[in-house]
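Comments concern the structure below.
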Amino acid sequence: MVLGLVATTGIARDSTWLLCSSDSLVLSVHEHRAGSAGRETSLTLIYGVHQLHGTLQDTDSGPVKLSSATRAGETNFTGKANVDYDSGKVVLTGTLKIDGEAAKVKTTMQCKEMSSEFSFVD
């Protein structure tokens, strides 16, 4: 089966996607338009099999709550996120609760800007 090349060059031209990591955490940061509401920074924090989601509205830093879609009360992050696009870093400070066990987090994550251009090549 040949899929060929499909390029979608119009997608995400008005957004920034960062992939950030520390020794044990990974964070996907996607800053984008949020309709008439302005801008939004969507955050996905990954720890092992746990994925926590949340947003910052019209800002790149401030209080944030990231929750698990399936275990929001037992698995979440509550604290502050500071995204610095110039330095390519994110600072997370707060409490990470995994399956009910809480741990303090204070980490600076190094980020890589991912491409907003998307294509399949087979």
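Sequence positions, counted from 1, serve as the residue numbers for this chain.
Within the structure, every pair that satisfies the ring-ring contact (aromatic ring centres under 6.0 Å, His included) test and touches residues 32-73, not counting sequence neighbours, is listed here: H30-H32. The disulfide (SG to SG under 2.5 Å) analysis of residues 18-58, with sequence neighbours excluded, yields the pairs C20-C111.
Partner of L66 under the side-chain contact (heavy atoms from CB on, under 4.5 Å) criterion, chosen from T55, L96, L43, T78: L43. The one candidate from T93, T95, L45, L25 that meets the side-chain contact (heavy atoms from CB on, under 4.5 Å) condition with V105 is L25.
Closest non-hydrogen pair, W17 versus S115, comes out as CE3-O, 4.0 Å. The shortest heavy-atom contact between Q110 and S87 is NE2-O, 3.9 Å. Minimum heavy-atom separation, P63 to L56: O-CD2, 3.6 Å.
With rounding to the nearest 0.5 Å, the separation of NZ in K89 from CG in D84 is 8.5 Å. Here CE of M109 is found 6.5 Å from OG of S21. Values are rounded to the nearest 0.5 Å.
Between the T59 side chain and the S61 main chain, a donor and an acceptor come within less than 3.5 Å of each other. Under a 3.5 Å cut-off, the side chain of D58 and the backbone N or O of R39 do form a donor-acceptor pair.
Taking 4.5 Å as the limit, every side-chain heavy atom of Y85 sits out of range of all side-chain heavy atoms of E113.
L92 is not connected to I46 by any chain of hydrophobic side-chain contacts under 4.5 Å among Ile, Leu, Val, Met, Phe, Trp and Tyr, and they are in different clusters.
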